[in-house]
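Worksheet: one structure, shown below.
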Amino acid sequence: MKILTDLLTHPLARGLDPDDPETTIACRRIIKGKPFLRQIYDEWYRLIVASLPRGEAPILELGAGPGFLSDYIPDLITSDFLRVPELSLVLDAHEMPFGDGLLRAIVMTDVLHHLPHARRFFSEASRCVGAGGAIIMIEPWVTAWSTFVYSRLHHEPFDTSTPDWDFPPKGPLSGANGALPWILFHRDSALFRSEFPEWRVKSIKPLMPFSYLLSGGLSLRSFMPGAAFGSIRHIENLLEPWIAKLAMFAHIVLERVNVP
């Protein structure tokens, strides 16, 4: 098994500490160097851009370190908890350095499930994002298939049964609960609406049952060439009637509304 793991592990991912800034830099290189995986991010970024509210106010990206969303959104404020090159800011999402109502949107890819204090984040986002603004994210999602994959084949915790939204803080990336977005916006949706009536869940679109697995993600070599991406996505789109039981991710849009 160790020999197989060594063969499948991406060379840039070997021996990395997830909480070391060098790991974030390596992940950026992995994404850009794997054509199949890069096209997944391209699609995710197009979904985020298409969901942005109109306006001229700034847009903040959380956890921007490994990605390239700034290629899609001009003047994007890129931030991360870790100090890595080519970012606008280093910040803690639970305490953001912006004036009240300054932001048009907060966007993120695979970040929310790493935030150990969800209530603190949404309270801070409520302060920073103006009315009509949005939080837009791509996050892991809970289905029968994804629960099997994440709980057996992925290193991050994936706990659908925890009664808590918080989890013990560890490192910025080693601490996580991959089921958190589903807990907030599906299992505990009534509680979320009660505590944060200023955030309306505008849409949740389950995505990609198999693409990310076939890409090898950020730790394994790709199992598919970049040229196969269109065909694989076509097959996944044909599975739309069963996507609620198969998706591994979701595109989630929250709208900032005025509360009487």
Side-chain angles (χ1 to χ4, degrees), residues 1-45 61-71 78-94 108-117 137-141 146-159 167-181 208 210-226 228-229 232 248-249:
M1 182 62 71
K2 184 180 185 303
I3 293 174
L4 179 61
T5 300
D6 288 343
L7 287 173
L8 294 178
T9 299
H10 194 285
L12 294 177
R14 290 194 176 112
L16 294 177
D17 174 355
D19 300 317
D20 187 329
E22 291 299 321
T23 299
T24 298
I25 296 171
C27 287
R28 182 187 298 168
R29 293 172 60 195
I30 290 170
I31 293 169
K32 291 189 174 183
K34 296 172 67 174
F36 195 97
L37 180 60
R38 183 179 177 111
Q39 288 177 87
I40 290 175
Y41 276 80
D42 284 330
E43 182 171 330
W44 286 351
Y45 290 162
E61 182 185 13
L62 299 176
F68 53 97
L69 182 56
S70 57
D71 291 351
T78 55
S79 74
D80 204 291
F81 188 81
L82 298 170
R83 187 173 299 279
V84 295
E86 302 178 24
L87 295 182
S88 308
L89 292 171
V90 176
L91 59 76
D92 183 344
H94 303 97
M108 52 184 138
T109 304
D110 277 342
V111 172
L112 178 63
H113 69 279
H114 286 287
L115 300 182
H117 306 295
M137 64 192 93
I138 304 290
E139 288 289 328
W141 196 243
S146 73
T147 299
F148 172 81
V149 173
Y150 287 130
S151 60
R152 291 167 174 79
L153 304 177
H154 196 54
H155 65 280
E156 292 177 356
F158 193 82
D159 186 357
F167 51 84
K170 296 181 181 178
L173 292 179
S174 57
N177 180 7
L180 179 62
M208 294 188 178
F210 310 117
S211 291
Y212 194 80
L213 278 176
L214 293 174
S215 77
L218 295 173
S219 58
L220 300 179
R221 298 175 187 269
S222 184
F223 300 107
M224 283 286 172
F229 180 77
I232 297 299
M248 289 187 60
F249 295 90

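Starting from 1, each residue takes its place in the sequence as its number.
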Which distance, rounded to the nearest 0.5 Å, do you find between the [atom1] of [X] and the [atom2] of [Y]?
X      : Y      : atom1 : atom2 : answer
Leu62  : Asp110 : CG    : CG    : 13.0 Å
Cys27  : Leu16  : SG    : CG    : 7.0 Å
Ile25  : Glu86  : CD1   : CD    : 9.0 Å
Trp141 : His113 : CH2   : NE2   : 13.5 Å
Thr109 : Ile31  : OG1   : CD1   : 9.0 Å
Phe36  : Ile232 : CZ    : CD1   : 5.5 Å

Quiz prompt | Partner of Phe249 under ring-ring contact (aromatic ring centres under 6.0 Å, His included), chosen from Tyr41, Tyr212, Phe210 | solution =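 The ring-ring contact (aromatic ring centres under 6.0 Å, His included) with Phe249 is passed solely by Tyr212 among Tyr41, Tyr212, Phe210.
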Shortest non-hydrogen contact between [X] and [Y], atoms and distance:
X      : Y      : result
His114 : Ala176 : ND1-CB, 3.5 Å
Val111 : Glu139 : N-OE2, 2.8 Å
Pro35  : Gly226 : CB-CA, 3.8 Å
His94  : Leu115 : NE2-CB, 4.1 Å
Thr9   : Arg221 : O-NE, 3.7 Å
Asp80  : Ala64  : OD2-N, 3.6 Å

For a 4.5 angstrom cut-off between non-hydrogen side-chain atoms, does [X] reach [Y]?
X      : Y      : value
Ser79  : Leu87  : no
Phe223 : Leu8   : yes
Leu69  : Thr78  : no
Ser215 : Gln39  : no
Trp44  : Met208 : yes
Ser222 : His10  : no
Pro157 : Phe167 : no
Phe158 : Val149 : no

Exercise. Taking side-chain hydrogen bond (donor to acceptor under 3.5 Å, both in side chains) as the test, write out the residues that go with Glu43, two or more places apart.
Key: Arg233
Quiz item: Between Arg38 and Phe229, is NZ or CZ placed under 6.0 angstrom from the six-membered ring centre and within 45° of the ring axis?
Solution: no
Quiz item: With sequence neighbours left out, which residue pairs that include part of residues 18-34 fulfil the side-chain hydrogen bond (donor to acceptor under 3.5 Å, both in side chains) condition?
Solution: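 Sorted pair list: Asp19-Ser174.
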